[in-house]
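Working notes for the structure below.
No hydrogens, no waters, no symmetry mates; every other heavy atom, side chains included, goes into these values.
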Amino acid sequence: PLVFQKGDSKLALYGMGNMRDDSLVGRWQDPKCLEWKSPEEMNPDEGSNFTTIFMLHQNRALRGTSDALTRDMMPDWLDLVVWGHEH
């Protein structure tokens with residue numbers, strides 16, 4: 001993630017560009033293809049003090065026969081997920 005700090009405020013910003021939905025969902029479910037690092041894993045002493053945001057350019061809802069990512073597929077420790085591809 002990109003990590004920002006100003007005073008006592010700490011932000012870990014994660015991001016991902018667009019991929020075909022069916023390809024992304026298949027890779028998302030394969031533990032060899034995606035590895036998340038939470039702030040706690042990167043810095044055990046300070047990790048719980050971060051706000052975590054994940055921004056992605058991807059469909060959030062099913063479109064036709066295509067798969068889609070859903071919020072329940074995201075790590076529980078993310079504070080906010082922003083989808084930027086909805087039509």
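Minimum heavy-atom separation, D79 to T51: OD2-CA, 3.2 Å. The two residues S38 and Y14 make their nearest non-hydrogen contact at CA-OH, 3.7 Å. Heavy atoms only, all atoms of each residue included: E41 and K37 are closest at OE1-CA, 3.4 Å. Across every non-hydrogen atom of L13 and M55, the tightest pair is CD1-SD, 3.8 Å. Here the shortest heavy-atom pairing between M74 and W83 reads CE-CZ2, 3.7 Å. A pairwise comparison of heavy atoms in G84 and H57 identifies O-CD2, 3.4 Å as the closest pair.
When side chains are defined from C-beta on, T52 counts as touching P39, because their heavy atoms get closer than 4.5 Å.
Listed for the Q5 side chain is a donor-acceptor partner under 3.5 Å among the backbone atoms of G7.
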Taking only distance into account, with no hydrogens and no angle test, what donor-acceptor pairs under 3.5 Å do side-chain atoms of residues 23-30 form with protein atoms, sequence neighbours excluded?
residue : atom : partner : partner atom : Å
S23     : OG   : R27     : NH1          : 2.9
W28     : NE1  : M73     : O            : 3.0
D30     : OD1  : K32     : N            : 3.0

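Between the CG atom of L80 and the CG atom of L11 there is a distance of 10.0 Å, given to the nearest 0.5 Å. To the nearest 0.5 Å, the span separating CG on N49 from CG on N43 amounts to 9.0 Å. Taking CG of D21 as the start and CG of L69 as the end, the distance is 7.0 Å to the nearest 0.5 Å.
Heavy atoms from other residues, nucleotides or ligands lying under 6.0 Å from CG of D76 number 12 at most.
With ring centers used as reference points, W36 lies under 6.0 Å from F54.
Put simply, L2 and L78 are part of two different groups of oily side chains (I, L, V, M, F, W, Y) that touch within less than 4.5 Å, one to the next. M42 and W77 fall within the same hydrophobic cluster, where Ile, Leu, Val, Met, Phe, Trp and Tyr residues are linked whenever their side-chain heavy atoms come under 4.5 Å apart, directly or through other members. V3 and V82 fall into different hydrophobic clusters, where Ile, Leu, Val, Met, Phe, Trp and Tyr side chains are chained together by heavy-atom contacts under 4.5 Å.
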- Kindly determine whether R71 and V81 satisfy side-chain contact (heavy atoms from CB on, under 4.5 Å), including the steps that lead there. CA-CA 8 Å; R71 179 61 177 102; V81 178; 3.6 Å; yes
